[in-house]
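It should be emphasised that the depicted structure is a prediction, and the values quoted were computed from it without experimental measurement.
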Amino acid sequence: MKWKPSPSNSGLSNLVQSLVQNPPQLPFYSSIFKSLIGQNCLKLGQQLHAHMAIRGLVPDAFVAAKMVAMYASSGDIISAFHLFRATENPSPLLFNAIIRALTLYGKSRKTIEIYSQMHYLGLRGDYFTFPFVLKSCADLSFVGFGRCIHGLSLRSGLEIDTYVGTSLIDMYVKCSQLGNAQKMFDELPIRDVSSWNSLIAGYMKDGLVQYAEELFRRMNNRNIVSWTAMISGYTQNGLADKALALFDQLLSEDSGVRPNWVTVMSVLPACAHSAALERGRQIHSFARERGLESNASVKTALMAMYAKCGSLADARSCFNTMRPKEKNLVAWNTMITAYASHGYGKEAVSTFENMIRAGVQPDGITFTGLLSGCSHSGLVDAGLSYFYSMRTVYLVEPTHEHYACIVDLLGRAGRLVEAYNLISQMPMKAGPSVWGSLLSASRSHRNLEIAELAAKQLFVLEPHNSGNYIILSNMYADAGMWEEVKDLRTKLKSQRVKKTPGGSWTEVNGKAHFFLGGDTSHPQSKQIYSLLEELPQKIKLAGYVPDTSFALHDISEEEKEHNLATHSEKLAVAFGLLSSSPGTVLRVTKNLRICGDCHTAIKFISRIYGREIIVRDVNRFHHFKDGCCSCGDFW
DNA sequence: CTAGGGTTAG
């Protein structure tokens with residue numbers, strides 16, 4: 001039976017008829033492939049490709065370029081690359097298509113390789129080629145190759161192109177050649193906002209905050225990237241207050257610039273840095289309102305913020321709201337590290353096992369978290385077993401950080417000789433973190449012999465770190481070796497050792513209150529000190545004896561006790577007790593390791609006042625509750 | 001087409 005066109009689809013039937021009479025040739029396919037670019041219609045593209053093949057049509061370079069772009073934009077870089085390889089007489093257009101596709105997929109080495117072939121064939125790059133090649137140079141820090149591209153673009157006059165010029169600026173920035181980046185910027189006749197933003201990021205990366213600020217002030221068209229570059233730059237340079245202030249300014253200013261998910265991600269580490277839990281929660285709410293919370297990277301940044309601000313529960317619930325497919329390596333690492341830093345070793349281990357079961361390949365950071373978690377919880381055998389299997393089972397090469405974790409793990413368990421032997425077997429030179437771990441373990445286990453070995457190394461590796469001198473000096477004093485104490489004091493003075501002042505802070509109603517040791521500058525100092533004066537009697541009644549071995553041994557016992565009584569962490573805890581309602585959790589952050597006497601005192605305070613107190617020191621969290629600490633008195 | 005981003009120990 002013959003097919004009869006009905007009047008209603010005569011347009012279509014005309015099309016079919018004309019297709020039968022004039023079978024489609026390459027330009028026909030070409031235009032359809034072009035229309036499929038960016039439409040994510042892989043199936044349709046494949047069918048069309050097959051259709052061509054059946055009809056014996058071989059794509060030329062022009063059609064292949066469209067097809068490469070179609071495949072790449074539909075997620076199939078493999079087919080894109082095969083097609084590129086199979087095409088004879090590749091044109092610059094085809095090279096541009098594959099170079100763009102490879103860069104899109106982060107294949108920097110391949111990009112450079114293909115560009116080299118292009119160059120070898122005598123085909124010149126243009127302003128569609130160089131930005132991608134330069135980005136690949138930047139990612140790989142191939143500054144030499146980047147300079148060659150710079151030279152080639154000079155010859156073809158492309159260096160005045162805004163895109164090429166900005167890519168050159170960025171390449172120099174990423175390769176740490178700020179001078180060249182600035183020179184490029186100065187010589188670029190037409191700069192756009194990206195050119196400025198690249199340079200701002202460059203100055204921030206090198207810690208030259210004032211130069212970045214100057215650029216930011218001078219530019220007249222700031223977009224969200226400009227603001228975000230400044231905010232993240234402040235965060236990276238430890239200027240959390242400035243980052244938060246600029247974020248506030250962005251919200252209040254009527255500039256029509258709206259924060260996006262990258263902005264939120266950039267400001268969260270500032271909250272984490274200053275342990276500003278309330279600020280962090282506010283930003284979380286803000287992200288939720290703006291619909292930015294669903295982003296998996298934002299959730300990971302929120303997890304890290306909550307964990308570092310002392311709220312493990314919030315970190316965990318963020319993690320639990322993530323869909324299994326969203327949980328990537330960074331998300332798992334963040335959760336494992338969160339558990340580890342709070343002393344929840346078993347949970348760190350089970351999270352790691354879940355990660356493996358989910359089919360996510362661990363990396364070095366995963367193991368740093370896992371091993372430190374085992375260390376914090378005294379899971380010595382588990383930690384050692386993971387350490388030995390990381391390279392054999394998971395194909396992750398142990399680095400210096402991992403050795404530091406294991407020295408710490410053995411040291412806490414009192415296995416100091418094993419720890420020392422491990423150090424001598426390390427494939428790399430042991431640094432301060434490894435020797436520092438050994439020294440503090442020797443102090444805890446009162447092993448003067450090994451302490452001396454560790455300290456000897458540390459005096460060379462970090463001669464200006466006061467902590468090492470103090471630990472060894474106190475150990476000598478405990479052993480009554482006063483000659484050695486005297487020698488060490490002389491050494492300490494001659495080295496002009498810088499002593500980091502101990503400071504603690506706590507957040508009340510979103511405002512941080514900062515205290516130094518013996519600080520009397522706080523408006524509520526009077527009440528704080530009178531509370532602290534009552535404390536010793538109260539807690540001595542509960543069985544507390546001040547441990548003066550944590551003070552420097554060159555003052556009288558009485559003075560020592562007084563110094564201890566006004567350590568910054570005690571001041572912050574006392575202030576917290578005064579200014580928060582009973583039953584709430586107190587959160588205190590200290591810039592150094594918590595002192596042993598304060599640790600004992602805070603344990604008693606948690607019992608006497610019935611408060612949960614969470615102290616973050618440089619290394620980890622201490623959860624004090626009912627007279628006990630989550631660290632099990634070992635840290 | 002170029003610019004801004006989350007996870008490491010002690």
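Remark: P of B:dA3 and CG of A:Asn221 are 19 Å apart, rounded to the nearest angstrom. In this structure, A:Leu104 places its CG atom 10 Å from P of B:dC1, rounding to the nearest Å. Here B:dC1 presents its C1' atom at 13 Å from CG of A:Leu168, a figure rounded to the nearest Å. Atom-to-atom, CG of A:Asn260 to P of B:dA3 comes out at 15 Å; the value is rounded to the nearest Å. Straight-line distance from the CG atom of A:Leu102 to the P atom of B:dC1: 17 Å, rounded to whole Å. Computed from coordinates, the A:Leu215 CG to B:dA3 C1' distance equals 13 Å when rounded to whole Å. As a whole-Å value, the separation of A:Ile37 CD1 from B:dC1 C1' is 14 Å. Per the geometry, OH belonging to A:Tyr203 stands 16 Å off P belonging to B:dG4, to the nearest Å.
Among pairs with a residue in residues 296-309 of chain A, those fulfilling side chain to side chain donor-acceptor pair (under 3.5 Å) read A:His284-A:Tyr306, at least two apart in sequence or across chains.
A:Phe132 comes within contact range of the sugar-phosphate backbone alone, with a heavy-atom separation under 4.0 Å but no base atom that close. When heavy atoms are screened at a 4.0 angstrom cut-off, A:Leu199 is found touching no nucleic acid atom at all. In this structure, A:Tyr127 reaches the bases: a heavy-atom distance under 4.0 Å links it to at least one base atom across the strands shown. Contact annotation for A:Asn96: no contact, since no heavy-atom pair falls under 4.0 Å across all strands.
With sequence neighbours left out, A:Pro362 forms a side chain to side chain contact (heavy atoms under 4.5 Å, CB included) with A:Phe352, A:Met355, A:Ile356, A:Thr366, A:Phe367, A:Tyr394. Under the rule for a side chain to side chain donor-acceptor pair (under 3.5 Å), A:Lys135 has no partner lying at least two apart in sequence or in another chain. Remark: A:Trp227 pairs with A:Phe216 by the ring pair (Phe, Tyr, Trp, His ring centres under 6.0 Å) rule, at least two apart or across chains. Partners of A:Ser630 by side chain to side chain contact (heavy atoms under 4.5 Å, CB included), not counting sequence neighbours, listed by chain and number: A:Arg620, A:His623.
Side-chain atoms of A:Ser167 stay outside donor-acceptor range of the base of B:dT2, with no qualifying N/O pair under 3.5 Å. Interface remark: the A:Asn223 side chain does form a donor-acceptor pair with the B:dA3 base, using a distance-only criterion of under 3.5 Å.
The aromatic rings of A:Tyr344 and A:Tyr339 are tilted relative to each other, their planes meeting at an angle between 30° and 60°.
When all heavy atoms are compared, the tightest approach of A:Cys374 to A:Tyr386 is SG-CD1, 4.4 Å.
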Contact letters for nucleotides 5-10 of chain B, in which S counts primed atoms plus P, OP1 and OP2 and B counts the base, heavy atoms under 4.0 Å: BBBBBB
